[in-house]
A.B. asks: 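Questions regarding the structure given below will be posed in turn.
FYI, side chains are in, hydrogens and waters are out, and symmetry mates aren't considered; it's all heavy atoms of this structure.
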Amino acid sequence: MRNRRKRPVIKTHKKLSDMIADKKAGESSSLQTKSGSSVVGESNDEQQQVKVGELSPSLHINVDRIKKRLGNPTDLIIREFEFELEQKVTATLIFLEEMNDTQLLSEFILDPLMKLTSDKQSSPVPVEHALHYIKQNALALGRVLDVETEEEMLEALLAGLSVLLVEGNTKGLKMGTNGGKMRNIEEPTSEVVIRGPKEAFTESMKTNISLIRRKVRSPDLRIEKFVVGDITRTDLAIVYMDNIVNPLIVQEIKERIEQVKTDGLLETGQLEEFIQDETVTVFPQLMSTERPDVVIGNILEGRVGIIVNGTPFSLIAPTQFIQFFQSSEDYYMRYDISTFLRLLRFSVFIISLIAPSIYIALTTFHQAMIPTTLLFGIAAQREGVPFPAIAEAMVMEITFEILREAGIRMPRAVGVAVSIVGALVLGQAAVQAGLVSPAMVIVVGITAVASFAIPSFAVATSARLLRFPLMIISSVFGFYGLTLALIVIVAHLTSLRSFGIPYLSPFAPIQTQDLKDSLFRFPVSHLFKRPEKLAKKNPTRTLPYQVKKKREEETTR
């Protein structure tokens with residue numbers, strides 16, 4: 001009886017084990033079918049060996065996968081060759097032609113590997129140890145890392161790296177052979193200076209980081225990289241001095257970058273909209289620059305630079321309003337000249353913002369404030385003009401904005417000439433036709449020229465946008481409306497924050513030490529402190545007063 005009961009139990013156990021094995025095999029095959037990892041024409045044994053997302057020991061399976069994922073592009077180069085270890089081994093080098101340095105690939109990868117022979121090896125190397133041996137003994141490259149999954153291989157290829165696969169190995173090697181055509185380092189086009197470095201960032205993030213490292217030879221320089229964009233997979237990096245910056249600012253910037261969820265990131269302007277504090281404002285909350293010395297000067301004060309691959313413009317955070325009226329050459333000239341230029345730039349911003357509004361308010365409501373002789377002259381000019389002052393100003397301002405935009409979009413050879421000639425011809429024709437008065441042409445011309453004297457294009461654009469509502473308010477309420485509007489603008493500026501730092505500091509709130517490098521620039525011997533709210537770890541920049549004291553002691557002797 002026991003034997004009879006035992007036999008069916010054994011038979012049942014065998015059947016259950018077979019069923020479990022068949023079920024597992026069926027699940028694995030269904031997973032392979034759903035993931036698209038199997039290739040048409042493969043044998044059943046090869047399909048069972050390949051797991052989802054992992055590399056296959058068979059070269060042609062991996063190659064077919066990559067071709068299928070990338071759509072079999074024409075610039076995908078697949079170079080198959082052989083080399084000798086314990087026995088002859090087949091390998092494949094995969095790379096995108098336009099993103100790699102072909103000379104580097106030939107001299108440091110293909111040539112050393114194809115010359116490998118068993119005579120050069122102290123002991124025979126088996127096929128399963130081929131990658132380790134190649135990595136340690138054959139490749140004369142600085143950046144060689146392992147690749148274990150199909151996604152890692154795709155990411156490496158799309159990042160401009162090359163991938164080496166060896167028959168019989170379930171891993172590969174990704175190698176830093178980036179190359180291709182890139183723009184050379186040139187002079188800045190948007191931030192022209194008379195005195196200072198003549199080099200600008202390029203579209204290559206690696207080149208931009210190297211420009212910073214060449215000038216900052218400190219072990220405390222930190223560069224942390226991120227990837228943003230589900231489709232574009234754009235590389236970006238933050239740069240800061242670890243011994244100076246406030247750690248809370250760095251942490252806040254990291255968190256905001258990591259929270260960016262978008263399909264693509266092509267320029268720093270897009271990133272700025274994602275990470276800025278306030279979206280309903282016309283004022284920029286991050287500073288944009290294409291000059292390496294500007295980024296370095298700011299990270300030495302405790303700020304953070306943000307570099308995005310594919311654009312020559314980098315961001316600086318946090319930012320204060322007064323920074324937009326400072327130029328890099330302010331620190332390369334005498335303090336008195338720098339102070340004069342900063343005051344001039346700030347005055348120019350005020351002119352660009354409210355000059356047409358003041359003219360409209362004076363000629364519409366407050367004629368008594370105009371000197372009598374000038375008032376008679378303006379009245380005589382406006383005698384044949386059929387439109388009110390606000391209509392004149394609007395027509396001239398809009399016309400000049402059209403000419404400005406046309407000059408930017410037209411070919412560079414004729415753009416400047418068209419904008420200048422167009423402004424002169426249209427202004428003169430409008431005056432002769434009696435549509436506008438000569439005084440209005442002068443006011444609009446001064447306003448337009450003043451907007452070009454502001455170092456920051458972003459702040460100049462803010463003034464252009466605010467100019468139109470201020471003109472309308474002045475035409476309705478006069479100086480009273482203009483004064484109230486300016487109070488609202490200042491209150492709005494006071495409420496803004498840039499990564500927790502007050503936008504109007506060091507004026508609101510007042511920080512006495514930081515006022516030495518704001519509208520006025522004190523001599524270098526007095527600038528021995530970094531901004532108070534930025535440099536928490538190391539607030540002292542230098543101690544020049546000790547040198548001065550020592551010199552005084554030597555002279556008294």
A.B. asks: Hey, does the Lys NZ or Arg CZ of R291 hover above the aromatic six-ring of F313, less than 6.0 Å from the centre and inside 45° of the axis?
C.D. replies: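 Ring-cation test returns no.
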
A.B. asks: With a 3.5 Å cut-off and no angle check, do the side chains of E267 and T311 form a donor-acceptor pair?
C.D. replies: yes

A.B. asks: Okay, side chain of R530, backbone of N538: is any donor-acceptor separation there less than 3.5 Å?
C.D. replies: yes

A.B. asks: For the pair K225 and D235, find out whether any cationic side-chain nitrogen is under 4.0 Å from an anionic carboxylate oxygen.
C.D. replies: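 D235 and K225: not salt-bridged.
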
A.B. asks: For the residue pair F283 and H492, categorise the inter-ring angle as parallel (less than 30°), tilted (30 to 60°) or perpendicular (more than 60°).
C.D. replies: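 It falls in the tilted class, 30° to 60°.
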
A.B. asks: Any Lys/Arg nitrogen of R222 or D242 sitting under 4.0 Å from an Asp/Glu carboxylate oxygen of the other?
C.D. replies: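 Salt bridge between R222 and D242, a charged N being under 4.0 Å from a carboxylate O: yes.
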
A.B. asks: Check whether the side chains of D517 and Y331 place a donor and an acceptor atom closer than 3.5 Å, and report yes or no.
C.D. replies: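 Result is yes, a qualifying pair exists.
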
A.B. asks: How about F325 and F349: are their ring centroids closer than 6.0 Å?
C.D. replies: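 Ring-ring flag for F325/F349: true, centres closer than 6.0 Å.
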
A.B. asks: Side chains of K529 and T540: is there a donor and an acceptor less than 3.5 Å apart?
C.D. replies: yes

A.B. asks: Is there a donor-acceptor contact under 3.5 Å linking the side chains of Q320 and R303?
C.D. replies: yes

A.B. asks: Knowing that exactly one of I316, V245, L221 qualifies, which makes a side chain to side chain contact (heavy atoms under 4.5 Å, CB included) with I299?
C.D. replies: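 Answer to the side chain to side chain contact (heavy atoms under 4.5 Å, CB included) test with I299 among I316, V245, L221: L221.
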
A.B. asks: Between the side chain of Q276 and the main-chain N/O of L286, is any donor-acceptor distance below 3.5 Å?
C.D. replies: no

A.B. asks: Do the side-chain N and O atoms of T177 and S162 include a donor-acceptor pair separated by under 3.5 angstrom?
C.D. replies: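 Yes.
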
A.B. asks: Under a 3.5 Å cutoff, is there a donor and acceptor pairing between the side chains of E191 and S328?
C.D. replies: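 No - no donor-acceptor pair under 3.5 Å links their side chains.
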
A.B. asks: Counting only N and O atoms by type, is there a donor-acceptor contact under 3.5 Å from the side chain of T232 to the main-chain atoms of G229?
C.D. replies: no

A.B. asks: Can we say R404 and E397 salt-bridge, meaning some charged N sits less than 4.0 Å from an Asp/Glu carboxylate O?
C.D. replies: no

